[in-house]
Every structure is written in structure tokens, then in C-alpha cells.
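A quick write-up on the structure given underneath.
Below, chain A is the first sequence line, B the second, and so on; all start at residue 1.
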Amino acid sequence: MKAIETDIVVVGAGPGGYAAAFYAADKGKKVIMVEKDKRLGGVCLNRGCIPSKAYLHAAKLIEEAKESSFRGVTFGQPKIDLEKMRAWKESILDKLAGGIESISKNRKVDVMYGRGYFEDSKTLRVETKEGQKFVKFSQAIIAVGSVPALPSAFDLGNPRIMTSDQALEVEDIPEDLLIVGGGYIGMEMGTVYKTLGSKIVVVEALDTILKGADPDLIRYVKNHADKVFKEVRLNTKVLKMSTSGKKIKVSMQVGDADPIEEKYDRVLVSVGRAPNSQDLGLENTQAEMDRKGFIQVNNRLQTKDPNIYAIGDVVGGAMLAHKASREARIAVDVICGDPNAFENVIVPAVVFTDPELAWCGLTEGEAKSKGITVEVSKFPWSASGRALSFDRPDGMTKLIVEPDTDRILGLGIVGVGAGDLISEGAFAIEMGATVRDIAETIHPHPTLSETIMEAAENFYGVATHTIGKKRDH
Amino acid sequence: MDVLLPPLSEGADSGTVVSIMVSEGDRIEKDQTILELENEKAIAPIPSTAAGVITKIHVSEGQTISEGSKLISVDEGGEAGDSKKETKKETAKEAPKAPPKQAPSSQQAPAAAPAPSKTAYEGQTIYDPYLDYRYDSKSGFPPPASPTIRKVAKLIGLDLARVPGSGNGGRITLEDIRNYFQHILELAESSRRQPAQEGSGESAPARKPAESIDFSQWGEVKPEKMSSTRKTIARRLQDSWNTVPHVYQFDEADISALMEMRSNYKAAYTKKEASLTLTALAIKAAANVLTQYPVFNSSLDEAKDEIVYKKYVHIGVAVDTENGLVVPVIRDADKKSVLDIALDLQALAEKARARKLTGDDMKGSSFTISNLGGIGGTHFTPIVNPPNTAILGMGRGVVKPHWTGKKFEPRTFLPLCVSYDHRVIDGADGARFIKAMVEAFEQFPESEIKLTQARKK
């Protein structure tokens, strides 16, 4: 069979893959994009960011309706039609995937549906519906992403034990749902299912949920979860799971206490994600993986194979769509001979819990563990008119600052809409901005963005709506 | 931490490593001598600013280094180990220009620091605010610069850690990058104009490269390397000769009365452990004259087209030592008593002979006196010592018959010559100055010599 020749083949059409394909096409390369799913968009669009946010939006509506009675607005009990809700979610995904498909056409990126497998450093075999096809490429960009990890001890083949993939299908609303893992996926899904009516127990092996963020910010999410979930158990290990009729019997140990046994209608396992580097034929190339299966790359996203680049979740680091998209541009620049490297100062992170938690750059905890001296300036949302206007003063905006230079090293925000606020911090840090730069930028009133300005003003002890310590400025 | 060469003294910005007193693996205390540096006209011990175990010596004997040069790296918490000691010294002697061996254990350079720029840095000998600048990241963040600026740096392959930022919080702007390159270009061009100039950055007019002559074809010879002091003298005098249009003005002063006073007070001075020399008296006499003729106490600033008159009188005194000519400076000679001057002079001369003079001891003179009378000879023509505009040369006093108008009397005459920079000083002023100088010697007030007042410090 005659091989199809191309400049670049992109394996995987998620936010890393399609960003790479489009950018390479824009730079005049002939590009083939290979996707093993029937729909483009990868995990983000199909089983991650987008569907979870759709459900969270529905959840928010239900929640707000319920909480409105004291404002004098009373709604009836919501009626939830799961089938319709799923269809609505699907329609969003179809719309977005269709968008990617049509942009591919416009940019003359050939989309090939099927599993890709490297025959050697120059050839990708693709198992399409119409049979095997061979793609001869000058460069390949691997952007195959990751899957939810399901430890074998929990893998009973019982559909009541779910990962986020199944949980986002929302087959039914379990009465009792156990969530194993208090990371961002577990906490977000817990919020969705709780609102739909489930009683949620979250167990986390570590001593905190949402590890990585600063404890003073996590506290707001934890407080809220303690209130709306049945329970959040920290320092808890799940020992065993077994099928017990229509339920799952779970044995777990809290701290050093004696193991307890409980029954749940469903269990969501959200203990991390594993790279999709298996069954790719990497062994036929010079690309190398680490012990966990992450493909090893340098900061120009080059693998050990001179023809092969890798981006996104499959190379590890922050497993976030926006990191993959940035890496996509760098890989393409490097392939095209334009100097570039992943040297962004920061990758912002957002957790869409209630309240949302977002941070970028250095955290206070990270500074402490690395022995970096920082100064911290906070602004509590209880002093924000905007936050009070929608009854959510449970938030905080926090700046991490380099002493002497006043350079902004980090921004952490917890509160409703934190995810949409964090970009100002990311921009400030990438610009090498100082606290004064933010303090002297007019922020519109009444908005939550003012909390960032007020935290900056507070650094100099001159915030309008709060009292801080005075300092020279 | 790294120990850098501290600022030496005004004008002296480099020197040659004469001997290294420590070895890698040694424990060093604060203020312990690391090495001896020969600079301009002295050998100075350079003390350590840190205590700990030396992980690396960055210089070698014979190497020219300058302010800011990395001398040694010290592990402030480390344990001393002697194993490396012997081998290291040898290496340093054999290959003076070779980079020092890798430190035994300590810092494995992080992959982020590009190796080539580091080497270039260590090869630098003259401190430079740009070349020697590196961003010191306390937070681990890269230098503050916008993504656009970082993109520009990436495109041209510039490490932004080398660019001092002028913005708020030290942020690097496009202007900073422009200034950086401007500076680098100027350096490159000026180094092409004056290739491989030793020592400080003082300019010398381009000369034909010297050719070596084989003197042994006419008989046995013994070549000897010029010392750093000799080279400095040669360069400075060459500069003076090339740039300063000299005028020499001669006269003789009748110092019979002065010599008589000198022998009268000599014993009193000896009691104060001072020796009342003719040089000390000449310094006092010259100081008085200089206050009347300030142009002889001035300097020409060609860069600004200015003549800089000094309100101080610091007199450089040429001193002959085994190791060549040195010129220590008597400060504020106009305000000092003859005794003070005599004591200062003695102290400086001793220091000079012991090679202990520091750069500061020899900087900042506003006028120079060279007295060769102790050795012999009559008039001679000293060369102006830039940036001074004038120098006084004293020969040996000779007893001559002097016609008083009635009879011949034996009087002692001191041959004087003032050499001056004709760009600054006119001939008439030269004549007036030497006349005043003669009068100062001939009518030296006894009150100045008398040991009445307590010594001022």
C-alpha cells in the first residue's frame, strides 16, 4: 500500500493536538491529525473540562434557586430529567467538536479517525474504519493525553465503580456516592452529584483536599464541602472494595483507627490520571518514557527521537488543557526552526468547586518549602461589595510578593468565579509586574476583579475597603 | 559563596597574581590572605571576605585579574580535606591560563545556567557593569521581563539574566537590551582599536607592534621578564612623553641659609625620630608656592575640556627602591608642618622599600617632586607625571663662589628644573614659578622649621 506523505502528523485531537495541527497549518505545513475517538476534542471536550462544566452550570442553577427563598424568590422543587440533561451536554460537545472539524477543513488539516501506531521513526500506521493506512511524516507530535487511573484493586469490572469518564455520563443519581480522592476531579464531581441529590462522602489519603493550593484558600472549599457533603474524611485509606448485591462494600481506615465497612450505591475513583503512552509503538522509535509511562521531552518538547515531539498530559507536569495548548505552539515553532521553548513562568490552575479555587505562580506553601522569602498580601471578600451582593463573601484574594522588588510571584483566589479572575495574576507575573503596577491600574466597580487591586493596595497598607499594616511606599 | 576581588584603589583596577597562599580543600578564615596581588607599584595581600572550606580557586599565578574577578569559592559549612592540596598547586603553576579544576564535590551547576557564558565570564579581567552582571533570582523566577521581551531575547539568543533591568522592580525593557548591546559593541570596537592592552584601561596611541631583536648575535645576554611595576612605569612614562608637550625651566637656589637652619634643627628633629631632609623642606617650600600658582597644582581633563584646579596640595615624591621607582603621596602638604611632612615621608619611604605601599598611598597627587641630589648630578629634566601638570626636579647642591657685588662668597646652590605641561601652563608662568620656587628656598622662614607647635594629625 502506498503511504500518505505529510510534513507533520499529530496524534490525538485534544486541546494540545488540534492547537498544534492548526498552528502548523497556519505556518504552511501539510498536517494530518489522527484521532482514535469518534469525536474530536480529546478528554477536555468529551470527558473532562467541558462536560463537567456543563453539569456544574446546571448544578449552580439548582443551588441558586434553592438558596433564593430568603431573598424573597421561591422556586418549586426542581425536576431533573437526566436524559434531557445528557442530551443538552452532548449538544454542547457536538457543537464544539463540529467547530474543530470545520476549522480543520478551513485550514486544510486532514483528519484521520483511527488508532495510531508508530511503525518506526518516520511511519505511523493508522487503523481506520476503511482499513490500515500508513502515514510517512517528517515530524510527529504525540498528543494522546491521559486516562483516569483505576488501581487494579478497585477494578472489579462493576460499573458501579466509576472513573470520571463514567461519572460524566450520569447514568443515574446514586443515593450514596463515595468519592475516592479529594483532588479537583473528585471535588468537582462531588459538587455535581450532591446538587443532583446524592449524599457524598469524600475520602482522601492525604491530610488535605486539593493538595498544591495554599491551606488558607483551601479552607473555604473545605468549609463549604463540610456543609453540603455528608462528610469529607482526610487521612483515610480505602483498603478494599467488593460487590454486595446492588451496592459496593468498601472497607477503609481513617488514620490508625480500626477499619470500617460501609455500603455505597456508587463509587467514583478519582486518584489521578495515567498517560496514554501504551500501544503507541513507541518502542519502534527512539522516544523514551519514564517509569510512570510519561514520554520524556526537553523544554522544546523534543523526545529522544529527532523526528518525534510530545505535548500535553502524555509528557506529565500539570495535566491541564491550557498547558498542552501552549506546548503545542512551542513544538510547532521548534519544528519550523523558530526559536522557542517552554519558558513560561507559570501555568495557572483552576478548581471548579464551590467556591472556585484558582492560583498561579508561586504559592505561599511552595515558597516556604523552597526556602524562598516572600511577602503576602490578602484581601477578604467579606469586604467586597460585589461578593456581598450575591451573598457569597466566602472568598479571598491573595498576592505572593518578592520582597525588595515588589515583584508579583503568585496569585491565589478562592471564591465564586475565581477561575475567571486568575488570568490577571498570570498576566502580571508573565509581565514581571510589581504590586504597584496592579494597585495603580483602575479596576471597574463593582466587580470581583477589584479584590486583586485591593490586595495590591493592601500590600502598601492603603486598601480602601480593609485595614492593613502601613508600610513605606 | 564566591569571594571576589574587592575594589583596589582609585585608578588601579587590575593587577597580577604573584602568589596564591591557599589551596583547594583548605579551610580559610575571614581576613586570611588568599593571594598577593602586584598592582601598579605595590604588592598587596588580598584577604578573604568569607570563612569556610575552599572548593575552588578561580585564579592562577601570573594571571591578570581585576575588581570583581572571582578569586575562590568557599563552602561556608564544609569540611577541610587535604587530599587535593599537592596536585592543585602544581596544576596552577604549569598552566596559568587553564581554567581551574572542577571543585571536589559541591555545586553541580544547574542545567539552566549555560556553560559557555560562564566560561566567558571567568575569562574577563576588567570589571564591567554589564559583562559582570548576572540576575540574582531569590525566588527562582527568571528575570522580570514581558513575554514580548522574552521572545525578542529568544530570537536573538540573548540570556536575559545578563541584562540589567531599569524598570519598576528591575523589569527589563527593550531599551535595556539596546543599551546592553550598545555597550557590548563599544567594548568590542575599543578592544579592536587597542589590542591586548595590559592593565588598566588607560589609552595609549596605537604603535607599531614591537619587534624582537636577537642581541645574542653580538655576545652573551641575559633576558629578564619586566616586572609588573616596570611595565606600569614604562607605559605611564610613554603616555606622558607622547601626550604632554614638555617645557623645562631651569634655575638655581641659594640654599646656604636653609642648610644652616637644617643643621641647627637637625638634632631636635632626630629627638622626634624625624630626619630633617632637604626633600621634606622642598615639599614645604613647593606647597607654599603651589598655593600661589594653582595652575601648577591643576590637571587637564581632556574629555571635558576643563582645567581642574585642586584646593588640596598632595605632593608625590619619587622614591628609588630596589624594585624601581615609586611615587608615594604626602597629603595636604600645605597644611602640614615640616615635622609632619618629615615623619610622613619617612613612613612612606619605609613602606616603599618594604614593598608595602598600597595603591591608595600612591594616588591623588597634584604635583610631584623628584630629588636626585642625594645621589648626584646637576640639572636633569624630569618627565611630568600625569595627570599632574608639573614636576620639580632637584639636583645635587654644589658650593660655588658667589659674587655679592663686593666679594666672592662660598654659597651652596641647588640646581632646580620645573618641567610642565605646555598645554596648560604658559612659559611666563613657568618662569614666575621657578623664580618663586627659588625665593621659597632662599627665604625659607625659620618659623616653619622651629619645633614649636605640637604635631597636627
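- Going from atom CZ of B:Phe141 over to atom CD of A:Glu402 covers 8.5 Å, rounded to the nearest 0.5 Å.
- At a 4.5 Å heavy-atom cutoff, the contact between A:Ala433 and chain B is made by backbone and side-chain atoms alike.
- Enclosure of atom CD1 in A:Ile442 is not indicated, since only 12 or fewer non-hydrogen atoms of other residues, nucleotides or ligands lie within 6.0 angstrom.
- For residues 163-170 of chain B, a heavy-atom distance under 4.5 Å to chain A picks out B:Asn168, B:Gly169, given by residue number.
- Summarising the local packing, CZ of A:Phe427 is surrounded by 12 or fewer heavy atoms from other residues, nucleotides or ligands at distances under 6.0 Å.
- The candidate from A:Asp437, A:Ile372, A:Asp404 with the greatest count of non-hydrogen atom pairs under 4.5 Å with chain B is A:Ile372.
- Using non-hydrogen atoms only and a strict 4.5 Å limit, no part of residues 172-187 of chain B faces chain A.
- One distance of note links OG of B:Ser139 with CD of A:Glu366; it measures 10.5 Å at 0.5 Å rounding.
- A salt bridge is defined here as a Lys NZ or Arg NE, NH1 or NH2 lying under 4.0 Å from an Asp or Glu carboxylate O, and B:Lys154 with A:Asp338 fails to meet this definition.
- With a 4.5 Å cut-off on non-hydrogen atoms, A:Asn340 touches chain B through its backbone and its side chain both.
- Within a 6.0 Å radius of NZ in A:Lys29, more than 12 heavy atoms belonging to other residues, nucleotides or ligands are found.
- A distance of 6.5 Å separates CE of A:Met431 from OG1 of B:Thr148, quoted to the nearest 0.5 Å.
- A donor-acceptor contact shorter than 3.5 Å links the side chain of B:Arg150 to the backbone of A:Glu430.
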